[in-house]
2 protein chains.
Amino acid sequence: MGAMVSTVSLPKRVSKKAERRVTISDVASLAGVSVATASKALNGRHDVRDSTRQRVLAAAKELAFQPNELARGLLSGQTRTVGLLTSDSMGRFGIPVLLGAEDAFGAGEMAVLLCDARGDAIREQHHLRALLSRRVDGLIVVGESTDPRPSLSGDVPVPVVYAYGPSEDPQDVSFVPDDVGGAMLAVRHLLDMGRRSIAHVTGPMDYTAAREREEGVRLALAEAGVAQAGRTLAGEWSQRWGRHAAELLLMSTPDVDAVFCGNDQIAAGVVETVRERGRRVPGDIAVVGYDNWEILSTETRPPLTTVDMNLEVLGRTAAQHLFAAIGGRATPGVHRMPCRLVIRESTAP
Amino acid sequence: MGAMVSTVSLPKRVSKKAERRVTISDVASLAGVSVATASKALNGRHDVRDSTRQRVLAAAKELAFQPNELARGLLSGQTRTVGLLTSDSMGRFGIPVLLGAEDAFGAGEMAVLLCDARGDAIREQHHLRALLSRRVDGLIVVGESTDPRPSLSGDVPVPVVYAYGPSEDPQDVSFVPDDVGGAMLAVRHLLDMGRRSIAHVTGPMDYTAAREREEGVRLALAEAGVAQAGRTLAGEWSQRWGRHAAELLLMSTPDVDAVFCGNDQIAAGVVETVRERGRRVPGDIAVVGYDNWEILSTETRPPLTTVDMNLEVLGRTAAQHLFAAIGGRATPGVHRMPCRLVIRESTAP
DNA sequence: GCCCCGAACTAAAAGGTTTTCGGAAACGTA
DNA sequence: TACGTTTCCGAAAACCTTTTAGTTCGGGGC
């Protein structure tokens with residue numbers, strides 16, 4: 001198992017407080033019953049006399065008994081544990097999904113085993129093995145972008161749900177933000193505000209996210225019969241690019257009165273440059289971002305109207321559906337979760 | 001999904017692909033040996049003939065055998081799993097610590113069970129019980145701030161290491177950033193750049209972080225025999241407060257030539273206002289932030305010189321020491337991890 | 001008195017692995 | 001041949017819990 005790994009040999013558990021953990025048979029003998037009865041008493045089975053149950057419960061409490069989930073899982077085949085496999089170093093997008101999942105599971109006594117593959121397929125394989133040998137009941141795979149990723153389902157004997165980045169296999173269960181819809185929300189809002197010369201600045205076009213958001217722009221403009229102001233400007237997902245793109249835009253299309261940006265960083269850059277060039281936001285030019293990255297969207301001046309992908313809801317939903325899939329009620333397909341427009345001052349009338 | 005908690009009953013595991021998982025006895029019978037021999041062959045014990053071992057290994061490979069960690073853990077008392085208990089919804093500071101820990105453990109075949117208590121003590125107890133009943137080998141507790149938190153060690157039969165926020169009990173093992181030292185780095189740097197009228201704007205003084213950073217300022221100025229420009233301005237940890245504080249500062253102390261800020265958000269606000277008031281950064285006023293929150297520190301103009309707490313290193317170190325503690329080699333005390341000054345344009349000469 | 005029944009409880013098995021100990025075979029030595 | 005030694009392998013116990021299949025006991029019906 002590789003050089004670096006083998007050096008880390010597991011220490012022999014020499015905790016100074018070497019008290020043996022209390023087991024159900026300790027509880028049973030303290031209560032003066034058999035382990036079977038103790039088990040039934042603790043699990044609320046009804047074929048145990050009430051006085052006996054009280055004795056067992058009291059004994060368990062006195063000893064601070066906690067059932068060993070390992071033994072329980074070994075028997076039942078369920079560990080009440082799911083693996084969460086992420087590829088993007090838990091960056092910007094992984095976190096809310098994780099939180100949502102943790103939230104959904106935490107309520108139901110599930111635990112989350114976290115693995116970060118850092119975008120390395122070998123590491124992913126490695127983590128996958130570790131998770132499976134720990135007998136997780138299911139897996140959530142969080143993509144690093146909304147681009148589809150290879151399916152895992154062939155190799156894996158437990159249900160898998162993909163969040164944020166869908167699986168390439170449409171038979172799998174995937175949850176992704178509806179970026180087309182999100183962009184449409186943004187553009188329709190700009191149209192509602194009376195803007196008619198709407199430009200689009202976004203990230204690299206090899207991102208599914210960029211392409212889908214552009215598609216949303218196209219659709220929303222088409223349904224209103226309005227032409228896009230200039231061509232879509234595709235660059236990087238950075239504030240720097242936002243600044244640069246704004247320069248280009250102000251030169252090529254001086255009469256622009258709104259810019260829809262592919263993310264909040266770009267939007268922040270656009271706002272900055274627009275203001276430096278003497279145009280007011282939103283007075284002369286309205287700006288909409290994407291992601292609702294609060295540190296940017298609320299702290300810029302003016303605060304940004306932006307599209308929120310509801311990632312925490314997405315994560316929670318994915319977790320709930322994983323739960324359903326574990327129960328045999330899988331819901332195959334790529335589910336597009338609606339986005340939400342957060343209106344702030346950058347698009348005020 | 002209904003009334004949240006109680007509706008979530010564990011489904012009976014009805015996975016359609018109901019193939020029984022392959023066990024070591026499958027491997028043994030395929031190889032024509034006993035399970036004992038198979039186990040020894042797989043674990044590299046030396047009392048098994050080489051030809052036999054080859055047969056077993058081949059069988060294991062053919063069946064894609066993966067040992068059941070539950071059974072193994074039940075027997076050995078070790079699960080190769082640690083719990084990571086965080087209180088701050090994995091916010092700004094939890095993530096890098098988590099990453100560092102995951103990194104350190106991942107290499108050694110350890111898995112991380114993640115729990116987020118959302119700052120709720122009851123939820124924390126709940127998660128703690130869940131982790132212990134899963135028989136984690138140890139625990140990392142990530143604080144939501146550098147303020148000390150109540151010790152867990154009394155209630156818990158496994159080693160605990162505290163990261164970012166230390167335990168109140170000095171006998172516990174804690175790793176915290178050396179904020180005094182970090183602030184000193186920043187102020188010394190400003191002095192080196194020739195600044196002599198240095199102000200300090202920071203967050204609420206009921207934060208240990210704010211107090212320690214201020215202490216660092218005091219020490220660094222004292223060792224150079226320079227007086228602080230005005231009193232420390234304590235407000236919130238926000239960009240908004242940074243802007244407001246900068247206004248106050250420019251009024252009360254017009255000759256200020258440097259501002260050390262308690263975090264990057266404040267620094268971003270200060271920079272913004274300083275520039276709007278017609279002073280140049282760094283020409284007239286140098287600004288230093290804290291945290292090295294990249295989205296802010298690299299994207300502001302000019303990019304911010306800032307103190308990086310090396311949280312990922314801190315997390316990794318904490319994990320390594322937890323590992324040591326599991327092996328009985330604990331290192332009690334509050335360990336202060338050095339910070340690092342990241343020099344960017346906001347303090348250029 | 002006999003049988004059946006239900007209530008309350010227990011012994012034992014099962015789950016998958018590792019480890020200990022004993023057994024068997026092969027071989028060398030007296 | 002008898003005995004000791006080495007090498008290899010297997011049976012069984014152990015880990016902890018839940019579940020199944022009894023077992024015991026008392027009472028009710030005949």
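Each chain gets a letter, A, B and so on, in the order its sequence line appears, and its residues count up from 1.
Position along DNA chain D of the nearest nucleotide to A:A71 versus B:H46 favours B:H46 as the more 5'-ward residue. Along DNA chain D, the nucleotide closest to A:E69 and the one closest to B:D50 are compared, and the more 5′ of them pairs with B:D50. Mapping A:S34 and A:L70 onto DNA chain C via the closest heavy atom, the residue that lands nearer the 5' end is A:S34.
The aromatic rings of B:F105 and B:F323 are tilted relative to each other, their planes meeting at an angle between 30° and 60°.
The residue B:T52 sits close only to the backbone: its heavy atoms come under 4.0 Å of sugar-phosphate atoms, none of a base. Counting non-hydrogen atoms under 4.0 angstrom, B:N68 reaches the backbone sugars and phosphates but no base. Nucleic acid contact class of B:R135 (heavy atoms, under 4.0 Å, all strands): none. At a threshold of 4.0 angstrom between heavy atoms, the contacts of A:T23 are confined to the sugar-phosphate backbone, with no base atom among them.
Residues B:V82 and B:I326 form a side-chain contact, since some pair of their non-hydrogen atoms from C-beta on lies under 4.5 Å apart. Between B:L30 and B:E62 there is a side-chain heavy-atom pair separated by less than 4.5 Å.
The pair A:R45-A:D47 does not count as a salt bridge, with every side-chain nitrogen at least 4.0 angstrom from each carboxylate oxygen. Under 4.0 Å is where a charged nitrogen must lie from a carboxylate oxygen, and between B:D116 and B:R123 no such pair does. Salt bridge status for A:R129 with B:E109: absent, with no side-chain N to carboxylate O gap under 4.0 Å.
Of the candidates C:dG15, C:dT19, C:dT17, the closest approach to any side-chain atom of B:A36 belongs to C:dT19. Among the nucleotides C:dG15, D:dG10, C:dA11, the one closest to the side chain of B:V33 is D:dG10.
For B:D47 and D:dG10, the CG to P distance is 12 Å, given to the nearest whole Å. In this structure, CG of A:L75 is placed 11 Å from P of D:dT17, rounded to the nearest angstrom. Look at CZ on B:R21: it is 11 Å from P on C:dT17, rounded to the nearest Å. With rounding to whole Å, A:Q78 atom CD is found 14 Å from C:dG15 atom C1'. The distance between atom CZ of A:R53 and atom P of C:dA7, rounded to the nearest whole Å, is 14 Å. Between A:D26 atom CG and D:dC15 atom C1' the separation is 13 Å, expressed in whole Å. Counting to the nearest Å, the C1' atom of C:dT18 and the CZ atom of B:F65 are 11 Å from each other. For the pair A:L74 CG and C:dA13 C1', the computed distance is 13 Å after rounding to whole Å.
B:R45 has no side-chain polar atom (N or O) that falls below the 4.0 Å cut-off from OP1 or OP2 of D:dC8. Contact annotation: B:T37 side-chain N/O to D:dG10 OP1/OP2 distance is under 4.0 Å. Side-chain nitrogen and oxygen atoms of A:R49 include at least one within less than 4.0 Å of the OP1 or OP2 phosphate oxygen of C:dC9.
B:K40 contributes no side-chain N or O that forms a donor-acceptor pair with the base of C:dT17 under 3.5 Å.
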